[in-house]
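Read the structure below first, then the notes.
Here is how names work: the chains are called A, B, and so on, in the same order as the sequence lines, proteins then strands, and each is numbered from 1. What you are looking at is a predicted structure, and each value in this text was computed from that prediction instead of being measured.
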Protein chains: 2
Amino acid sequence: MENPTLQEAEATIREALARRKCLIVVGNCWVEYHGRASSKLESGERILIVKEDGSLLVHRAKGYEPVNWQPPGCIFQTMIENETLIVKAIRRKPAEHVKVFFNKIYMVSALSLKDTGTFSLYASEEDMQKAILAEPWLVEEGFKPIAYEKKVEPGFVDVYGVDSEGNFVVVEIKRKTAGREAAFQLARYVDAIKGMVNRPVRGILVAPSIAKGVQRTLDALNLSFKALDPRRCAEILKRSETRKLAEFFGEQHDSRS
Amino acid sequence: MENPTLQEAEATIREALARRKCLIVVGNCWVEYHGRASSKLESGERILIVKEDGSLLVHRAKGYEPVNWQPPGCIFQTMIENETLIVKAIRRKPAEHVKVFFNKIYMVSALSLKDTGTFSLYASEEDMQKAILAEPWLVEEGFKPIAYEKKVEPGFVDVYGVDSEGNFVVVEIKRKTAGREAAFQLARYVDAIKGMVNRPVRGILVAPSIAKGVQRTLDALNLSFKALDPRRCAEILKRSETRKLAEFFGEQHDSRS
DNA sequence: GAGTGGATTTCGCAT
DNA sequence: ATGCGAAGTCCACTC
């Protein structure tokens, strides 16, 4: 629908919201938000999207992020007041709402999108972890994983095992350049494990690279670094027969179970 | 433009991209991404948005987040191959690209959005900091701020000052429920300051609330907690005369300058 | 250009 | 429901 009156637009929008359709509205609007924080957006031309699951997006002409939004699960109201069409999205928990005020509407589209396609992502931190479990030499020759996502005091150790000399090894994985925080995190895990066992404990930070100066932090904390590209891990995972993983999960005992 | 042929759609899209217009395309598509990671999205009906600044969004019928995207600054190519219209967004740094393959297009809109309205946000963590600087009693009776965003080893201390007994006080601000990480962060700052001065150093975590179990962590680390609502801070800031802030910035020396 | 921390982060998973 | 950490996080800001 193009250049509808506010009344026509409201009818279409109301219908679309009731039928849980995807809605696209282009027009001149201003926006108010109150809840976790508060915000005000002055008048301008924007794109409003309301999705089937009750999420709301207000996009400006620039930027990856919506200027205002509301996550899935909202309840909607529409009304016309003073020559203004108001679309209000209300969220219960946390209690918040977004109000979009339109005084001119250029386009309204109500869509029923059929979309069952699967989305798959490769080269996440989880892929790196799986690759290391399948091919432990990626960390170090002779490394043998014992458990993963092992609970220790401050949180969960990504991978935990022994090296060729029988020392315990704590592995912390980052999928991108590791900063100082990663080193501190690993240090906390190593300390926690040290307090539990009676053997030397080494810490290895696995990441594609480390930020400048972090090597010094690692040295001071007596930790080491192993370069590993998440994309290479995805490749290795693909090549590495599923059998290997199956063996691991079969023979080794999953610490989470 | 509704239900165009792929050729008609391509002409419109090419034109819109060349003129840096905002583009909305609704159709059946599949998507590939390669770069920092890789992803594949199978066939389905989605909304593609390309903005003036060269950002790209592919939205499904559900969810706040785009399933695929590209941040601002992309270069675009379009082509038709095997009855398929391909929109390709290329980013130089980091090197990555998204390809959207359409085999059916329901709608194409090329828009020139006029949008100069200002966006303002209230009650951010920064607002809490300003409120504390303007009204230090919010932290504790007798607290006197000395500096803010002070650089110490691990990072920046939110606010730094002295209490009524002359002890140094490090304040860590969180805008929402503080987790264990916040306690650790504060502990690191306190330790860092302790190494620099010859007086007792206290650490106060300021947040609307703390997560379950964090009180125990705070106790163990000898830190305390002060409840403070960011919304209230925004209120106080509004009421608190700008004069007070001006005084502070005039008399005290901004540690950042 | 890299590093650091915040976000109305969102999202998913585990407790 | 809550807590916790990852994210192709994005983004703003400092160095």
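- In the set D/dG8, C/dG3, C/dT10, C/dG3 carries the atom at the smallest distance from any side-chain atom of A/Lys212.
- Between A/Asp158 atom CG and D/dG5 atom C1' the separation is 10 Å, expressed in whole Å.
- Among the nucleotides C/dT10, D/dC4, C/dT8, the one closest to any side-chain atom of B/Glu65 is C/dT10.
- Backbone-only contact: A/Pro72 has heavy atoms under 4.0 Å from sugar-phosphate atoms and none from a base.
- Nucleic acid contact for A/Ser124: sugar-phosphate only, since backbone atoms but no base atoms lie under 4.0 Å from a heavy atom of the residue.
- In summary, A/Glu181 and A/Lys174 do not engage in a salt bridge, as defined by a charged side-chain N under 4.0 Å from a carboxylate O.
- Within 4.0 Å (heavy atoms only), B/Phe119 reaches at least one base atom of the nucleic acid.
- As a whole-Å value, the separation of B/Tyr148 OH from C/dG6 C1' is 17 Å.
- For B/Lys93 and C/dA2, the shortest distance from a side-chain N or O to OP1 or OP2 is below 4.0 Å.
- At whole-Å resolution of the value, CD in A/Gln185 and P in D/dC4 are 14 Å apart.
- Summary of the strand contacts: A/Gly63 and B/Val214 both lie near DNA chain D, and taking for each the nucleotide with the nearest heavy atom, the more 5' one is attributed to B/Val214.
- The side chain of A/Lys176 contributes an N or O atom lying less than 4.0 Å from OP1 or OP2 of D/dT9.
- Taking only side-chain nitrogens and oxygens, B/Lys174 comes nearer than 4.0 Å to OP1 or OP2 of C/dG6.
- Ring orientation note: the planes of A/Trp69 and B/Tyr64 are tilted relative to one another, at an angle of 30° to 60°.
- The pair A/Glu42-A/Lys40 fails the salt-bridge criterion, with no side-chain N (NZ, NE, NH1 or NH2) lying under 4.0 Å from an Asp/Glu carboxylate O.
- As rounded to whole Å, 13 Å separates atom C1' of D/dG8 from atom CG of A/Asp229.
- Going from the C1' atom of C/dT10 to that of C/dG6 covers 14 Å, rounded to whole Å.
- As rounded to the nearest Å, C/dC11 and C/dA7 have C1' atoms that lie 14 Å from one another.
- The aromatic rings of A/His34 and A/His97 sit tilted, their planes meeting at an angle between 30° and 60°.
- Atom pair A/His59:NE2 and C/dT8:P shows a separation of 15 Å (rounding to whole Å applied).
- With DNA chain C read from its 5' end, the first of the two nearest nucleotides for A/Gly179 and B/Glu126 is the one closest to A/Gly179.
- One finds a side-chain N or O of B/Arg36 lying less than 4.0 angstrom from the OP1 or OP2 phosphate oxygen of D/dC10.
- Nucleic acid contact class of B/Gln70 (heavy atoms, under 4.0 Å, all strands): base.
- Although no hydrogens or angles enter the test, the distance criterion places a donor-acceptor pair under 3.5 Å between the side chain of B/Gln129 and the main chain of B/Asp158.
- B/Arg180 has a side-chain polar atom (N or O) that falls below the 4.0 Å cut-off from OP1 or OP2 of D/dC4.
- For A/Arg175, no side-chain nitrogen or oxygen approaches OP1 or OP2 of D/dG8 to under 4.0 Å.
- Salt-bridge formation is detected for the pair A/Glu235/A/Lys238: a Lys NZ or Arg NE/NH1/NH2 atom is positioned less than 4.0 Å from an Asp or Glu carboxylate oxygen.
- Taking 4.0 angstrom as the limit, B/Trp69 places none of its side-chain polar atoms (N or O) nearer than this to OP1 or OP2 of D/dT9.
- Rounded to a whole Å, the CD atom of A/Glu181 is 15 Å from the C1' atom of D/dC4.
- Nearest-nucleotide positions on DNA chain D for B/Ile210 and A/Ile173 put B/Ile210 closer to the 5' end.
- The existence of a salt bridge linking A/Glu126 and A/Lys130 is confirmed by a sub-4.0 Å separation between a basic side-chain nitrogen and an acidic carboxylate oxygen.
- The base of C/dT10 does not come close enough to the side chain of B/Tyr64 for any donor and acceptor atom to sit less than 3.5 Å apart.
- Rounded to whole Å, atom P of C/dT8 lies 13 Å from atom CZ of B/Arg231.
- One interatomic measurement links the two molecules: CZ of B/Arg92 to P of C/dG1, which rounds to 14 Å at whole-angstrom precision.
- Here A/Arg91 does not reach the OP1 or OP2 of C/dT8: none of its side-chain N or O atoms lies under 4.0 Å away.
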